[in-house]
Every structure is written in structure tokens, then in C-alpha cells.
J.: 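One structure coming up, written as C-alpha cells, with questions to follow.
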Amino acid sequence: DVKVTQSSRYLVKRTGEKVFLECVQDMDHENMFWYRQDPGLGLRLIYFSYDVKMKEKGDIPEGYSVSREKKERFSLILESASTNQTSMYLCASSQPSTETQYFGPGTRLLVL
Amino acid sequence: RKEVEQDPGPFNVPEGATVAFNCTYSNSASQSFFWYRQDCRKEPKLLMSVYSSGNEDGRFTAQLNRASQYISLLIRDSKLSDSATYLCAVNKVKAAGNKLTFGGGTRVLVKP
């Protein structure tokens, strides 16, 4: 069965802190994605990776960076958290041969 | 105009009734279409892919109208458990890595 896990379900951080969100998939998928989901704005792509050490900016990359050192793991980094980064963060993965994306359970981040 | 648009709803549906809603997309070259279901405070899960000929999965029917650039989802004999937000997703044309653009979601509330 397809499985994508995220390191935390809920996270509270202070403004200016460096925040790491981790995502692990066990399906040997090449593609991995980070989205944020906000009411009224839907799912917006932050970054995606199509291979180890390969990454590409999505629609809203500002204030974020990513790391993919191993195929199964994709990390999202908030270099200096700000209150406008309070959101639900969702990780997803997919195979290149199909566009179906499988999502992790999400991390609700609150930045105070 | 947004790339993918949905009526946010909510669609209030009596149990046992039929409900249908659409998702419009702006890029006529889009080739792949999906419906995802998202329960409250949970991750999106693939409901069904949408094929050119339309497809049916039990009480759910998805259709594609290329001429008018929309996809539709119809739910027959609505159950209380069908209450959720339904997200449509469309592939990003000429984009590497099988990226999808998601609509903002249509909320469906099935009531006894």
C-alpha cells in the first residue's frame, strides 16, 4: 500500500526560527512535491523534486528551500519562519509514468 | 483567470439525492484530469482519474468536456460519508515532473 509520512502533524514555532519539515515515501517514487494549503487559496506548489539532489521551484518558493539527499526523503526548510507561513503543509509523491500524486497526512504549522 | 477554478460551495445535499459540480480549466492543451477527495483536516486522496470517454466508479461519474474546458463529477445516491471537499487537478502542460494544478475545492455536505 502506498505510504507517505510527514515528520509532524502539528508544529508551533516562533518568528525567525528555522523550521524543518520532513517527508518520507516508501513507494520508490522519483517525483516528490511540497504544497501549502490555505483557505480560499487551495493547494499551491512550493517546490518539487524529480530526482535525488534535483529540485525545481514551484509557484510560491519565496521563503522556502528544499533538500533531497535520498530518493525516499524530501525536506522543506523555512529559513526564517514568518507568521504568513502559518499554513497546512502537504507532501506528495508520484511516479514519472503517471501523474497521480499520493499525499502525506500534512503538517499544520503555526508561526507565532 | 485562474488556471483551475471550482465553485467553493457548500453544496447541501439531502441523503440519497444526486449532486453534480464542475471544474473549469484554462489551458486547452491540458491532457490529464483528476478528482481528489479531501476530508476535513485530512490529506487529499485520489478519487478517480477522468478519461476522455468519461468514467464511472460505483456512484461516482466523471466527465470531460474539452470543447467547454471543464470536468464534472456526479455523485448518485449521496451518503452521509460523501461529505467532503472535492478537488479537481489538471496537469501542467509542458512542465517537467508531472506537476498538477489543483482547484480550490468544492465542499459537499450531505444531510439526513
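A, B, ... follow the sequence lines: proteins, then strands. Residue 1 opens every chain.
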J.: Run the side chain to side chain contact (heavy atoms under 4.5 Å, CB included) test against Thr100(A) and tell me which residues pass, sequence neighbours left out.
T.: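 Partners of Thr100(A) under the side chain to side chain contact (heavy atoms under 4.5 Å, CB included) test: Thr98(A), Tyr102(A), Phe34(B), Tyr36(B), Leu46(B).
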J.: Are side-chain N/O atoms of Asp38(A) and Ser87(A) paired as donor and acceptor at under 3.5 Å?
T.: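 Indeed, the side chains of Asp38(A) and Ser87(A) share at least one donor-acceptor pair under 3.5 Å.
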J.: Using heavy-atom distances under 4.5 Å, tell me whether Asp59(A) contacts chain B through its side chain, its backbone, both, or neither.
T.: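 Asp59(A) touches chain B through side-chain heavy atoms alone.
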J.: Check whether Gln95(A) gets within reach of chain B through its side chain, its backbone, both or neither, counting any heavy atom under 4.5 Å.
T.: backbone
J.: Could you check whether any side-chain N or O of Arg76(B) sits under 3.5 Å from a backbone N or O of Val19(B), counting only pairs where one atom can act as donor and the other as acceptor?
T.: no
J.: Less than 4.5 Å to any heavy atom of chain B: does that hold for the side chain of Leu41(A), its backbone, both, or neither?
T.: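 Answer is neither: Leu41(A) stays 4.5 Å or more from chain B.
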J.: Hey, which residues of residues 105-112 of chain A are touching chain B, say heavy atoms under 4.5 Å apart?
T.: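 Checking residues 105-112 of chain A against chain B gives Pro105(A), Arg108(A).
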J.: Is there a donor-acceptor pair closer than 3.5 Å between any side-chain N or O of Thr106(B) and the backbone N or O of Asp7(B)?
T.: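 At least one qualifying donor-acceptor pair exists.
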J.: Could you tell me whether the side chain of Gln6(A) and the main chain of Ser8(A) form a donor-acceptor pair under 3.5 Å?
T.: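 Looks like no, no N/O pair under 3.5 Å.
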J.: Look at the rings of Tyr50(A) and Phe48(A) and say which category their plane angle falls in: under 30° parallel, 30 to 60° tilted, over 60° perpendicular.
T.: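 Tyr50(A) and Phe48(A): tilted rings.
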J.: Can you check whether Cys23(A) reaches Val4(A) side chain to side chain, under 4.5 Å on heavy atoms?
T.: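 Touching, per the 4.5 Å side-chain cut-off.
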J.: Heavy atoms under 4.5 Å from chain B: which residues of residues 69-79 of chain A carry them?
T.: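 Counting heavy atoms that sit under 4.5 Å from chain B, no residue of residues 69-79 of chain A is involved.
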J.: What is the ring orientation for Tyr25(B) with Phe33(B), classed by angle as parallel under 30°, tilted 30 to 60°, or perpendicular over 60°?
T.: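 Plane angle between 30° and 60°, so tilted.
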J.: Has the side chain of Ser78(B) got a donor or acceptor atom that lies under 3.5 Å from a matching backbone atom of Ala17(B)?
T.: yes
J.: Would you say CZ of Arg68(A) has more than 12 non-hydrogen atoms from neighbouring residues, nucleotides or ligands within 6.0 angstrom?
T.: yes
J.: Heavy-atom distances under 4.5 Å only: say whether Arg9(A) touches chain B with side chain, backbone, both or neither.
T.: side chain
J.: State, yes or no, whether a side-chain contact exists between Leu73(B) and Phe21(B) at a heavy-atom distance under 4.5 Å.
T.: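 SC-SC contact between Leu73(B) and Phe21(B) confirmed.
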J.: Which pairs would a plain distance check flag for residues 82-90 of chain B, meaning a side-chain donor or acceptor within less than 3.5 Å of a matching protein atom at least two apart in sequence or in another chain?
T.:
| from | atom 1 | to | atom 2 | distance (Å) |
| --- | --- | --- | --- | --- |
| Asp82(B) | OD1 | Arg59(B) | NH2 | 2.9 |
| Asp82(B) | OD2 | Arg59(B) | NH1 | 2.7 |
| Asp82(B) | OD2 | Arg59(B) | NH2 | 3.2 |
| Asp82(B) | OD2 | Lys79(B) | N | 2.8 |
| Ser83(B) | OG | Leu80(B) | O | 3.1 |
| Ser83(B) | OG | Val110(B) | N | 2.8 |
| Tyr86(B) | OH | Asp82(B) | O | 2.6 |

J.: Among Pro8(B), Ser32(B), Pro44(B), who wins on heavy-atom pairs under 4.5 Å with chain A?
T.: Pro44(B)
J.: Can you tell me which portion of Gln6(B) sits under 4.5 Å from chain A's heavy atoms? Options are side chain, backbone, both or neither.
T.: neither
J.: Chain A heavy atoms under 4.5 Å from Lys2(B): which part of the residue, side chain, backbone, both or neither?
T.: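 Interface part for Lys2(B): side chain.
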J.: Examine the side chains of Tyr35(A) and Gln101(A) and answer whether a donor and an acceptor come within less than 3.5 Å of each other.
T.: yes
